[in-house]
Amino acid sequence: MPDAAFQSEFLKTLQARGYINQATHPEELDGLAARGAITAYIGFDATAASLHVGHLFSIMTLRRLQQAGHKPIVLMGGGTTKVGDPTDKEGQRPLLTDEQIQANIASIKTVFSRFLTFGDGPTDAVMVNNADWLERFGYVQFLRDYGVHFTINRMLAFDSVKLRLEREQPMTFLEFNYMLMQSVDFLELSRRYGCVLQMGGSDQWGNIVNGVELIRRVDGKPAFGLTTPLLATASGQKMGKTLGGAVWLNADLRSPYDYWQFWRNTEDADVGRFMRLFTDLPLDEIARLEALPGAEINEAKKVLANAATRLLHGAEAATTAEAAATAAFEQGRLSDDLPTHEVDRGVLDAGVALASLAVEAGLAASKGEARRLAKGGGLRLNDRAETDGDRLVTDADIVDGVVKLGAGKKKIVLVKPV
RNA sequence: GGGGGAAUGUCCCGAGUGGCAAAGGGGGCGGACUGUAAAUCCGCUGCUGUAAUGGCUUCGUAGGUUCGAGUCCUACUUCCCCCA
């Protein structure tokens with residue numbers, strides 16, 4: 001992106017906070033956004049029961065849009081999920097059934113209301129499902145209406161397709177059509193809502209540009225695309241997977257405490273960038289915090305964790321999570337708000353192997369793994385490393401009503417007899 | 001339609017002579033050092049079980065040969081390349 005001085009509040013903010021990777025016709029878009037409210041959308045496919053931290057980038061982009069006085073559209077990919085986006089995947093993934101997709105959409109939906117204000121007002125967010133139009137086309141009609149606007153020559157040149165071909169990996173005709181469907185989505189939203197902008201991750205550039213061109217060609221209407229940078233940590237790792245699995249946004253899959261911990265464990269070099277992207281903290285405050293020297297940067301990480309958790313789970317959950325973390329890590333105390341696993345009192349009366357208990361509590365995937373963890377000194381029982389995975393855990397190990405299990409330094413589960 | 005090649009530890013890449021739970025790497029997890037950071041070093045990374053030898057299940061699918069099959073044979077599936 002050129003360092004063009006944007007006029008519109010929206011683009012100024014995006015640029016200042018580091019959301020922009022690429023944009024089509026940036027000056028034109030800026031002018032439009034400066035003159036009045038625009039409508040923009042981002043699509044989300046329903047491939048899992050929850051979105052994860054990687055999607056947060058997109059969600060926050062929509063939030064910025066609304067904050068700047070524009071109208072966001074959340075597009076659920078009920079139709080496109082059935083086809084499967086070939087982008088960045090080496091192979092085709094198994095096709096989901098209608099029921100799975102419906103269930104996923106229902107589960108995903110809940111998260112958006114925390115970041116966006118929905119309603120009927122001019123800048124209220126709306127949620128739509130592309131199954132509403134994509135599933136209504138007849139094959140011949142679809143080909144005649146839209147197929148004529150796409151050349152194979154050009155489609156083959158896009159990265160999503162080119163990479164597959166270069167790696168000699170199969171790309172089915174089904175997936176090949178994803179690009180058309182996404183383009184038609186944009187056209188459809190342009191017609192229904194006067195949507196002029198599609199945003200997305202940088203891997204979506206090809207898909208987005210196609211939509212922009214389709215609208216300009218078919219309807220002669222203005223249309224723009226804007227992509228966000230790929231989200232990676234400063235040390236180059238893909239973001240979103242830490243401490244055992246994806247960082248899901250739904251609370252039932254990843255507790256607020258874990259979510260808080262995820263942000264608390266941010267690398268030093270990422271703190272400023274993440275605060276700009278994932279919190280509403282003012283820029284000058286962020287600049288001050290990220291400049292904290294040495295270990296003081298940990299204060300900034302707490303601010304980040306609090307702000308990010310507050311956005312997703314609410315202020316109360318954030319406070320609770322911080323208190324639990326402070327107690328556990330800084331004071332070595334227990335807090336009821338740590339993740340808890342309940343067991344029958346009888347189990348402890350009889351005694352249960354430590355390894356089994358660790359598996360039950362979710363600290364290890366199998367007993368073998370738990371044993372290895374123990375042997376490596378990574379399994380702790382009431383804060384003492386326990387190298388024997390077969391050691392029986394009994395009533396005698398209950399301290400203050402719970403047995404405290406730890407895997408590594410950061411994962412703690414309280415086992416509570418009931 | 002004909003000919004040739006390929007599918008490996010359910011995270012990925014990838015070596016593999018009939019004795020193989022299967023080299024190596026990435027990733028992940030754990031330990032040390034630190035600041036709940038990064039970098040670095042060390043260990044672990046199929047399930048299950050013993051103090052320990054063990055048992056079970058894995059190399060595209062299904063059969064077969066063999067004391068023994070990832071490795072050989074047959075059929076099938078999928079993919080790649082060449083010819084038509």
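Note that the structure is predicted; figures quoted are calculated from it, not measured.
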If we take the [atom1] atom in both [N] and [M], what is their distance in whole Å?
N: B/rG27; M: B/rC13; atom1: P; result: 15 Å
N: B/rU10; M: B/rU45; atom1: C1'; result: 15 Å
N: B/rU17; M: B/rA7; atom1: P; result: 12 Å
N: B/rA38; M: B/rA6; atom1: P; result: 43 Å
N: B/rU77; M: B/rG25; atom1: C1'; result: 30 Å
N: B/rG30; M: B/rA22; atom1: P; result: 25 Å
N: B/rU36; M: B/rC47; atom1: C1'; result: 33 Å
N: B/rG64; M: B/rC11; atom1: P; result: 30 Å

Scan A/Ala325 against the nucleic acid and name what it touches under 4.0 Å (heavy atoms): base, sugar-phosphate only, or nothing.
-> base

Any chance you could list the contact pattern along nucleotides 52-58 of chain B? Use B for base contacts, S for sugar-phosphate-only contacts and - for none, protein heavy atoms under 4.0 Å, 5' to 3'.
-> -------

With A/Gln67, which of A/Thr117, A/Asp280, A/Thr123, A/Thr13 fulfils side-chain hydrogen bond (donor to acceptor under 3.5 Å, both in side chains)?
-> A/Asp280

From the list A/Asp270, A/Thr266, A/Asp268, side-chain hydrogen bond (donor to acceptor under 3.5 Å, both in side chains) partner of A/Lys301 resolves to A/Asp268

Just the table, please: protein N/O against nucleotides 43-50 of chain B N/O, every pair under 3.5 Å.
unit_1: B/rC47; atom_1: OP1; unit_2: A/Ser366; atom_2: OG; d: 2.9
unit_1: B/rC47; atom_1: OP2; unit_2: A/Arg372; atom_2: NH2; d: 2.4
unit_1: B/rU48; atom_1: OP1; unit_2: A/Lys367; atom_2: N; d: 3.2
unit_1: B/rU48; atom_1: OP2; unit_2: A/Ser366; atom_2: OG; d: 3.4
unit_1: B/rU48; atom_1: OP2; unit_2: A/Lys367; atom_2: N; d: 3.3
unit_1: B/rU48; atom_1: OP2; unit_2: A/Gly368; atom_2: N; d: 2.7
unit_1: B/rG49; atom_1: OP1; unit_2: A/Lys367; atom_2: NZ; d: 2.2
unit_1: B/rU50; atom_1: OP2; unit_2: A/Arg371; atom_2: NH2; d: 3.2

Is it true that A/Asp390 and A/Lys367 make a salt bridge, defined as a side-chain N closer than 4.0 Å to a carboxylate O?
-> no

Residues of residues 297-324 of chain A with a heavy atom under 4.0 Å from any atom of RNA chain B, listed by number, are A/Ile297, A/Asn298, A/Lys301

Short side-chain N/O contact from A/Lys409 to OP1 or OP2 of B/rC33, under 4.0 Å = no

Give me, pair by pair, the N or O atoms of the protein and of nucleotides 20-22 of chain B that are less than 3.5 Å apart, along with how far apart they are.
none

Using side chain to side chain donor-acceptor pair (under 3.5 Å) as the criterion, list what pairs up with [X], not counting sequence neighbours.
X: A/Tyr19; answer: A/Arg64
X: A/Arg288; answer: A/Glu285
X: A/Glu322; answer: A/Asn306
X: A/Arg154; answer: A/Glu213

With sequence neighbours excluded, what pairs up with A/Phe10 under the ring-ring contact (aromatic ring centres under 6.0 Å, His included) test?
-> A/His70

Contacts of A/Phe137 meeting ring-ring contact (aromatic ring centres under 6.0 Å, His included) (sequence neighbours excluded), chain-then-number -> A/Phe142, A/Tyr146

Rounded distance in Å - [atom1] ([X]) to [atom2] ([N]):
X: A/Gln261; N: B/rG35; atom1: CD; atom2: C1'; result: 14 Å
X: A/Lys410; N: B/rG31; atom1: NZ; atom2: C1'; result: 13 Å
X: A/Glu267; N: B/rG35; atom1: CD; atom2: P; result: 18 Å
X: A/Asp270; N: B/rA39; atom1: CG; atom2: P; result: 11 Å
X: A/Arg273; N: B/rA37; atom1: CZ; atom2: P; result: 19 Å

Should [N] form a Watson-Crick or G-U wobble pair with both distances under 3.5 Å, which nucleotide is its partner?
N: B/rG30; value: B/rC42
N: B/rU61; value: B/rA75
N: B/rG1; value: B/rC83
N: B/rC20; value: none

Mind checking whether A/Arg276 and A/Glu290 have side chains closer than 4.5 Å, heavy atoms only?
-> yes

With side chains defined as the heavy atoms from C-beta onward, is the minimum distance between A/Leu62 and A/Tyr41 less than 4.5 Å?
-> no

Where does B/rC33 fall, syn or anti, if syn means a chi angle no more than 90° from 0?
-> anti

By nearest-nucleotide position on RNA chain B, the 5'-leaning member of A/Gly377 and A/Glu296 is A/Gly377

Per-pair distances, 0.1 Å, donor-acceptor, side chain in residues 125-133 of chain A, under 3.5 Å, sequence neighbours excluded:
unit_1: A/Asn129; atom_1: OD1; unit_2: A/Gly78; atom_2: N; d: 3.1
unit_1: A/Asn129; atom_1: OD1; unit_2: A/Ala131; atom_2: N; d: 2.8
unit_1: A/Asn130; atom_1: OD1; unit_2: A/Gly78; atom_2: N; d: 3.2
unit_1: A/Asn130; atom_1: OD1; unit_2: A/Gly79; atom_2: N; d: 2.6
unit_1: A/Asn130; atom_1: OD1; unit_2: A/Thr80; atom_2: N; d: 3.4
unit_1: A/Asn130; atom_1: ND2; unit_2: A/Thr80; atom_2: OG1; d: 2.8
unit_1: A/Asn130; atom_1: ND2; unit_2: A/Asp185; atom_2: OD2; d: 2.8
unit_1: A/Trp133; atom_1: NE1; unit_2: A/Asp185; atom_2: OD1; d: 2.8

Taking B/rG30, B/rG35, B/rU36 as options, the one with an atom nearest any side-chain atom of A/Asp268 is B/rG35

Which atom pair, heavy atoms only, marks the closest approach of A/Ala361 to A/Leu405?
-> CB-CD1, 4.4 Å

Only one of A/Leu214, A/Ile208, A/Asn210 passes side-chain contact (heavy atoms from CB on, under 4.5 Å) with A/Gln182; say which it is.
-> A/Ile208

Using the six-membered ring of A/Phe278, assess whether NZ or CZ of A/Arg273 lies under 6.0 Å from its centre and within 45 degrees of the ring axis.
-> no

Listed once per pair and sorted, the side chain to side chain donor-acceptor pair (under 3.5 Å) pairs that draw on residues 342-366 of chain A, sequence neighbours left out = A/His341-A/Glu360

